[in-house]
Amino acid sequence: MKWAVISTWKMSLEGCRKAADLLAQGKPASEALIVGIEDVEDNAGFTSVGFGGLPALDGHVYLDGGYMDGDTLRFGAVGALEGFRSPIRIARSLADREFNNFLVGEGAGEYALKNGFEQRDNLTEESRKRWEAEKNKSQKLVSYDGHDTVCFLAKDQNASICAGVSTSGLFLKETGRIGDSPVCGSGYYADSAIGAAAATGVGEEIMKGILSHTAVMYMNAGMRAQEAAEKAVLDLDLQLNRRNGSCDAISLITLDRHGNFGVGTNIVFPFVYACEEKEPKLYLARREGNHCIYEQVDDITTVKQD
Ligand code: GLY
């Protein structure tokens with residue numbers, strides 16, 4: 001396949017269409033991926049990413065984002081960033097530097113301001129109301145109601161592969177908490193000579209298995225994208241169940257260097273895929289025994305997602 005793109009959750013459908021159009025025109029994977037992710041970051045209707053994202057316990061919306069260039073293995077990331085429009089665009093710019101590639105909190109904000117990135121208060125009236133209603137209830141932190149992190153993996157017509165992710169992280173997280181998403185190797189990994197992977201779900205679980213890098217190494221050892229994704233997820237699920245008695249929601253997308261995709265999940269997990277031969281379509285994946293299976297669906301409004 002000359003080009004291909006895969007992205008997480010139904011919320012990425014429109015962004016995936018935009019990314020697919022750019023890849024079909026011969027644009028670089030990095031550009032397509034940023035356009036795709038920004039489409040989600042800018043939509044206040046998607047409550048776990050960017051504008052209108054899920055507030056932390058202190059009522060502020062802190063965003064995490066990560067980017068990796070599979071040609072150079074350079075990566076950039078921001079964590080606990082407040083007040084800017086596009087964590088993915090800032091993360092992408094940090095990948096061009098030799099050092100200081102992963103910035104968090106005030107330092108990330110200072111960098112973004114100094115380099116002219118667009119500012120935005122991401123706390124909408126709706127996200128503030130959600131915080132107000134839930135902040136005093138004691139609740140277990142979970143990935144949010146079938147959304148969580150938007151992840152894109154893209155392969156362009158020059159065979160370059162990139163990975164990118166963006167999220168507001170877990171609802172009512174503690175101030176300063178950073179999940180898997182901006183952590184290279186856990187939340188995302190890309191190597192154009194092998195393929196790429198990116199994760200969504202509960203970051204504290206995903207980081208225990210360094211999930212994205214693990215799946216890429218499985219592909220390097222000869223596994224197909226689908227085998228690599230399901231082995232990475234289901235092995236971690238098994239280990240955490242054995243050792244801790246449970247494993248929270250984890251899902252993983254993979255893309256090999258030919259543009260074939262894979263998906264691993266321990267929940268019911270929607271994703272979007274497009275390539276030269278296939279227009280962007282929504283798919284629904286679920287675990288079945290020791291495998292993960294998926295089917296193309298027209299909509300998921302009637303399907304329970306997690
Ligand atoms: N996967 C997103 C997070 O745990 O923050």
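In each ligand, atom 1 is the first atom listed, and ligand 1 is the first ligand listed.
A side-chain donor from one of Ser160 and Asp71 sits under 3.5 Å from a side-chain acceptor of the other. For the residue pair Ser93 and Tyr111, a side-chain donor N or O sits within less than 3.5 Å of a side-chain acceptor on the partner. Side-chain N/O atoms of Asn43 and Asp39 include no donor and acceptor closer than 3.5 Å.
Residue contact check: Asp180 has heavy atoms under 4.0 Å from atoms 1 (N), 2 (C), 3 (C), 4 (O) of ligand 1. Interface of Thr149 with ligand 1, defined as ligand atoms under 4.0 Å from a residue heavy atom, comprises 1 (N), 2 (C). Those atoms of ligand 1 with a heavy atom of Gly179 less than 4.0 angstrom away are 5 (O). Of all atoms in ligand 1, listed by their number and element, those nearer than 4.0 Å to a heavy atom of Gly203 are 3 (C), 4 (O). Close contacts of ligand 1 with Ser181, meaning ligand atoms under 4.0 Å from a residue heavy atom, involve 1 (N), 2 (C).
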Is there a salt bridge (Lys or Arg N to Asp or Glu O under 4.0 Å) between Arg128 and Glu126? Walk through the geometry before answering.
CA-CA 5 Å; Arg128 197 197 59 76; Glu126 200 185 316; over 6 Å; no
Applying side-chain contact (heavy atoms from CB on, under 4.5 Å), run through Met1 and His258 and close with a yes or a no.
CA-CA 6 Å; Met1 273 160 272; His258 305 293; 5.6 Å; no
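For a threshold of 3.5 Å applied to N or O pairs, the pair formed by Gly201 and ligand 1 contains at least one separation below that value. Considering backbone and side-chain atoms together, Gly169 places no N or O closer than 3.5 Å to any N or O of ligand 1.
Between Arg257 and Ser192, the shortest heavy-atom contact is CB-O, 3.6 Å.
With salt bridges taken as basic N to acidic carboxylate O contacts below 4.0 Å, none links Lys129 and Glu134.
In this structure, Asp148 counts as a contact residue of ligand 1, since one of its heavy atoms falls inside 4.0 Å of the ligand.
When heavy-atom distances to ligand 1 are checked against a 4.0 Å cut-off, Asp64 has no atom that comes that close, whether in backbone or side chain.
The protein heavy-atom contact nearest to atom 5 (O) of ligand 1 is Arg177 NH1, 2.6 Å.
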